[in-house]
Amino acid sequence: MEFSPSPAIHRVLCADCGTPIEPNSANLCIPCLRNSVDITEGIPKQATVNFCRNCERFLSPPNTWTIAEPESRELLAICLKKLKGLNKVRLIDASFIWTEPHSKRLRLKLTIQKEVFTSTILQQIFEIEYVVVYGQCPDCTKLAAKNTWKAVIQVRQKVAHKRTFLYLEQLILKHSADKDTISVKETREGLDFFYAQRSHAIKMVEFLNSVVPVRTKDSERLLSRDIHSNTSNYKFTYSVEIVPVCKDDLVCIPKALARSSGNIAQLTVCVRVGSAVQLMDFTTLQTADIASTIYWRAPFESICSSSDLVEFVVLDIEPSGPVNGKYVLADAQVVLNEPSRSGKGGKGDMEIDEEGSTDMVYHTRTHLGRHLNAGDTVKGYFLRRANINNAEYESLDQSRLPDVVLVKKSYPNRRKKNRHRNWKLKSIAKEAEEGPDAFGRGALGRRGGLDSEKVERDYEAFLRDLEEDPELRATVNLYKTDVKMKGPSNTKGPSQTAGGADSMDLEDTTNGSAGAMADTEDTDNEVDEPDFPEITPNELLDAMDELTLDDRQDEGVESGLEVRRRHHEIDGRATTSFGPHFATPATTFAYISAMAWRSHGKTNIELIMNMQSNGLIKSSRVAEALKKVDRANYVLDKTSAYRDAPQSIDYGATISAPHMHAHAAENLLDFLQPGMKVLDVGSGSGYTCALFHHLVSPADGSAKPGKVVGIDHIKELVDWSVGNLKADGLVANTPESNIEMVCGDGRKGYPPGAPYNAIHVGAAAPTLPQELIDQLAKPGRMFIPVEDGTLFGGQSIWQVDKDEQGNIAKSRLFGVQYVPLTDAERQWKTR
């Protein structure tokens with residue numbers, strides 16, 4: 001075998017130290033090159049990071065304040081934005097070096113590259129130290145300063161209680177409508193909201209118009225004027241008056257309004273207050289919606305309110321046939337309850353006449369036939385003994401008026417036992433903290449004195465309304481409480497109920513200790529009502545279960561350096577690998593959540609059209625498929641079926657909000673073409689399977705039908721979903737159908753039907769399940785929430801793509817909050 005020598009390598013001597021090296025354009029060895037050229041020149045070795053201790057946010061250049069956990073990717077991006085000369089080099093790697101939390105120091109280790117001579121690239125590792133400088137963000141500065149507002153909204157309602165404002169506060173919190181509010185001030189008849197910009201006040205006025213019936217007026221006051229620049233400085237005032245009619249009020253509407261509202265009776269009960277006032281004729285179940293524009297043309301007031309309610313005992317009740325949603329018309333026989341006869345002095349207590357008419361049995365017609373049984377206690381208005389001063393009511397035929405109007409069921413035995421609640425509400429007012437010295441409820445009751453006691457009673461009545469009305473409860477956020485369960489106590493007051501975890505007896509507690517002891521002995525012997533409304537744990541949120549992201553976080557990722565991760569891995573580390581350009585992952589979920597409150601509808605079509613107009617649905621294919629799936633067939637609470645909000649379906653599971661279904665379908669749309677196969681993990685009620693069916697199997701038969709497989713580990717939910725699909729006109733688990741509902745462990749997928757072009761997971765996995773990735777087709781896509789720990793320790797939606805060669809690409813889309821993906825034994829059951 002002939003020897004072939006390798007080509008000779010020509011070497012030259014280094015121009016500085018004389019070491020033999022391979023020739024390069026600088027004729028210098030690497031040590032000498034580093035000594036003569038510093039690629040870190042122009043990059044500061046020390047910098048500062050601004051931190052607001054009040055709201056715990058960092059300043060993200062140029063002027064955005066962002067929440068960032070220690071050693072998080074968000075904080076890393078903020079630190080990199082502070083380096084001015086970083087755009088002249090190539091960043092290879094960046095990571096945190098551990099420092100003491102109290103040292104007010106952050107240290108970064110950076111690896112950069114730069115071309116110093118022609119075809120000569122030098123890499124260098126160096127450290128940067130950041131000093132954390134404490135200061136106030138503009139929002140906290142405005143809270144600390146006074147008279148810095150530019151616009152104020154004066155919200156008023158001319159009623160004797162504060163329950164409307166308690167409910168309004170929860171609506172504002174649920175939809176994050178308070179994020180631009182500087183401060184809230186309580187007045188005698190309502191609340192004042194202060195804003196730094198006029199546009200923020202206008203946005204709040206629009207929100208109020210969408211959730212409650214109001215009328216508004218605006219005015220402006222000139223503060224100063226510059227004659228040189230012809231500019232003026234104004235303060236703006238918006239007056240918002242809420243309709244003085246509340247839920248469960250008895251009203252007598254004008255005759256002309258009754259005729260224009262479908263000839264409804266003049267004497268009606270208010271059953272709901274939303275963007276309009278919904279009235280019901282309790283003798284026929286006929287309803288009428290009175291919009292705010294119609295109301296203010298011919299305003300009317302309540303002739304009886306909740307303070308006039310008295311308790312009755314149902315002797316007999318017999319449904320008479322007509323049904324309107326949750327209401328059933330029935331004929332009832334009632335008698336005054338004993339506590340109502342004792343005459344404790346409340347406004348609603350009726351005196352006993354000389355003839356002893358309180359022992360009489362009263363016959364009445366009621367809309368509560370579905371909720372009442374013989375022996376139940378019910379609250380109503382005792383019109384026979386009521387002193388009503390109203391011209392419209394006096395014009396009615398008095399011989400045809402009922403003696404009693406029943407309004408809602410009552411639970412006196414359970415209420416007397418002063419039970420602690422396992423849930424609480426949040427407040428707009430940051431200074432309304434829980435504690436023994438806390439007065440009132442959030443933005444209300446802080447004036448002290450008698451007003452505080454009155455708000456306490458109104459607040460307790462509001463909590464009871466939330467417990468007894470699931471429809472009302474679905475519109476607010478309830479949070480888990482950390483208060484430990486204690487024994488019953490007869491001590492009542494603001495300090496005991498400041499956290500919203502305790503119940504409070506609305507009866508007068510000033511009758512002396514002997515009376516209190518007697519009441520305690522009586523209530524201990526009484527039996528709880530079996531149908532007392534309980535709030536299940538799956539309806540409660542943790543303190544960090546805020547689905548809506550702050551818009552300010554989105555502003556922070558739109559400017560400055562762009563951080564692109566080369567490897568998308570769910571490891572939660574603070575070290576990130578970067579390419580030539582740097583960008584933090586932006587999210588669109590803040591916009592989705594902010595627009596969700598505007599998308600509620602009265603019908604399925606209206607719900608979808610509202611989501612389209614609000615930009616939550618962009619694909620016409622997805623919109624048409626959603627219109628074919630009636631959400632009322634897949635939820636337990638039919639009255640809230642068309643609200644853009646998640647709902648509980650029992651067994652510790654939920655059906656997601658419609659906008660999340662739309663977002664998932666649009667993300668998977670390229671893999672939901674006719675003839676393709678889809679796997680829905682955690683199929684629940686079957687709603688998503690029905691949606692995917694209409695996307696992969698066109699009803700006109702223009703293409704080959706696809707296959708949809710839904711899997712859930714709760715057999716009861718699987719059986720229920722099959723019935724739901726049947727009610728929606730679809731067939732599952734038959735030889736001729738293309739929908740298969742399976743009971744099994746969704747974490748392992750469903751191998752008999754694999755591979756799948758698309759996989760949708762409806763619960764949050766601790767990590768990406770490899771079994772599901774293996775069952776993806778080539779190409780294929782998976783839409784899955786994962787507990788990745790990058791969003792305040794929460795969850796994020798991940799998109800997993802498999803190309804035709806089988807290569808996997810993973811990317812994080814946005815933050816969410818789902819129920820966990822677990823096994824059947826660990827999932828809590830409610831039935």
Side-chain angles (χ1 to χ4, degrees), residues 554 586-601 603-631 634 641-646 655-681 683 686-708 710 728-730 738-739 756-762 776-777 779-785 796-802 809 811-814 816 818:
D554 287 339
T587 174
T588 59
F589 191 64
Y591 170 77
I592 294 176
S593 297
M595 300 301 293
W597 62 267
R598 301 184 182 178
S599 303
H600 305 317
T603 63
N604 190 62
I605 300 298
E606 183 181 353
L607 170 66
I608 306 307
M609 294 180 65
N610 288 342
M611 289 198 294
Q612 281 185 288
S613 62
N614 291 331
L616 300 179
I617 301 178
K618 299 178 177 61
S619 169
S620 58
R621 277 189 64 210
V622 173
E624 292 302 318
L626 284 168
K627 290 178 182 179
K628 297 176 182 178
V629 184
D630 190 351
R631 197 165 185 262
Y634 301 87
Y642 307 121
R643 298 187 59 83
D644 192 7
I655 177 174
S656 299
H659 72 261
M660 283 305 302
H661 291 136
H663 193 78
E666 291 191 335
N667 180 268
L668 299 171
L669 194 58
D670 293 338
F671 302 89
L672 296 176
Q673 302 299 325
M676 291 187 173
K677 296 173 65 176
V678 191
L679 174 64
D680 183 24
V681 178
S683 53
Y687 180 90
T688 314
C689 293
L691 171 61
F692 291 159
H693 163 78
H694 291 293
L695 289 172
V696 301
S697 301
D700 55 3
S702 58
K704 178 183 176 182
K707 177 75 173 182
V708 178
D728 209 22
L730 301 177
N738 64 334
I739 303 178
Y756 303 96
N757 303 96
I759 297 179
H760 171 265
V761 182
L776 273 177
R781 174 174 293 178
M782 178 165 60
F783 182 92
I784 177 173
S796 295
I797 290 292
W798 283 74
Q799 173 184 308
V800 182
D801 288 314
K802 181 185 289 188
S811 58
R812 184 170 71 90
L813 301 182
F814 48 78
V816 292
Y818 275 70

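Please read all numbers here as calculations on a predicted model, not as lab measurements.
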### Query
What's the spacing between Met609 CE and Thr603 OG1 if we round to 0.5 Å?
9.0 Å
### Query
Which atoms form the tightest heavy-atom contact between His694 and Ala625, and what is the distance?
CB-CB, 4.0 Å
### Message
Which residues pass the salt bridge (Lys or Arg N to Asp or Glu O under 4.0 Å) test with Asp670, not counting sequence neighbours?
### Response
none
### Task
To the nearest 0.5 angstrom, please state how far the NE2 atom of His661 sits from the CE atom of Met611.
10.0 Å
### Task
Determine the minimum heavy-atom distance between Leu813 and Asn667, stating which atoms define it.
CD1-ND2, 3.5 Å
### Nearest heavy atoms of Ala662 and Leu616, plus distance in Å
CB-O, 4.4 Å
### Message
Side chains of Thr688 and His760, heavy atoms from C-beta outward: is any pair under 4.5 Å?
### Response
yes
### Message
Within this structure, what is the CG-CD1 distance for the pair Leu668 and Ile759, rounded to the nearest 0.5 Å?
### Response
10.0 Å
### Task
Measure the shortest side-chain to side-chain distance between Val622 and Leu672 over non-hydrogen atoms and say whether it is less than 4.5 angstrom.
no
### Message
How close do Leu691 and Leu626 get, counting heavy atoms only, and between which atoms?
### Response
CD1-CD2, 3.7 Å
### Message
To the closest 0.5 Å, what do you measure between CD1 (Ile739) and CG (Asp680)?
### Response
11.0 Å
### Asn610-Gln612 side chain donor-acceptor pair, cut-off 3.5 Å
no
### Task
Just jot down the salt bridge (Lys or Arg N to Asp or Glu O under 4.0 Å) partners of Glu624, sequence neighbours excluded, or say none.
Lys627
### Query
For Asp801, does its backbone N or O pair with a side-chain atom of Arg781 as donor and acceptor, under 3.5 Å?
no
### Query
Would a distance-only check, ignoring hydrogens and angles, find a side-chain to backbone donor-acceptor pair under 3.5 Å from Lys677 to Asn757?
no
### Query
Side chain of Ser697, backbone of Gly706: donor and acceptor closer than 3.5 Å?
yes
#### Entry: Sub-4.5 Å side-chain heavy-atom contact between Arg812 and Ile797
no
### Task
Please state whether the rings of Tyr634 and Tyr687 are parallel, tilted or perpendicular, taking 30° and 60° as the class boundaries.
perpendicular
### Message
Is it the case that the ring center of His600 lies less than 6.0 angstrom away from the ring center of Tyr642?
### Response
no
### Summary
Correct closest heavy-atom pair for Pro674 and Arg621 would be CD-NH2, 4.5 Å
### Query
Side-chain contact, heavy-atom cut-off 4.5 Å: Arg631 with Pro658?
yes
### Task
Kindly indicate whether the side chain of His693, heavy atoms from C-beta on, has any atom under 4.5 Å from the side chain of Asn738.
yes
### Message
My understanding is that only residues two or more places apart in sequence, or in another chain, count here; which of them pass salt bridge (Lys or Arg N to Asp or Glu O under 4.0 Å) with Arg643?
### Response
none
#### Entry: Rounded distance (nearest 0.5 Å) linking atom CE of Met660 with atom CZ of Phe783
4.5 Å
#### Entry: Test item: Ser683 side-chain N/O and Gly686 main-chain N/O as donor-acceptor pair under 3.5 Å
no
### Query
Looking at OG of Ser656 and NE2 of His663, how far apart are the two atoms once the value is rounded to the nearest 0.5 Å?
12.5 Å
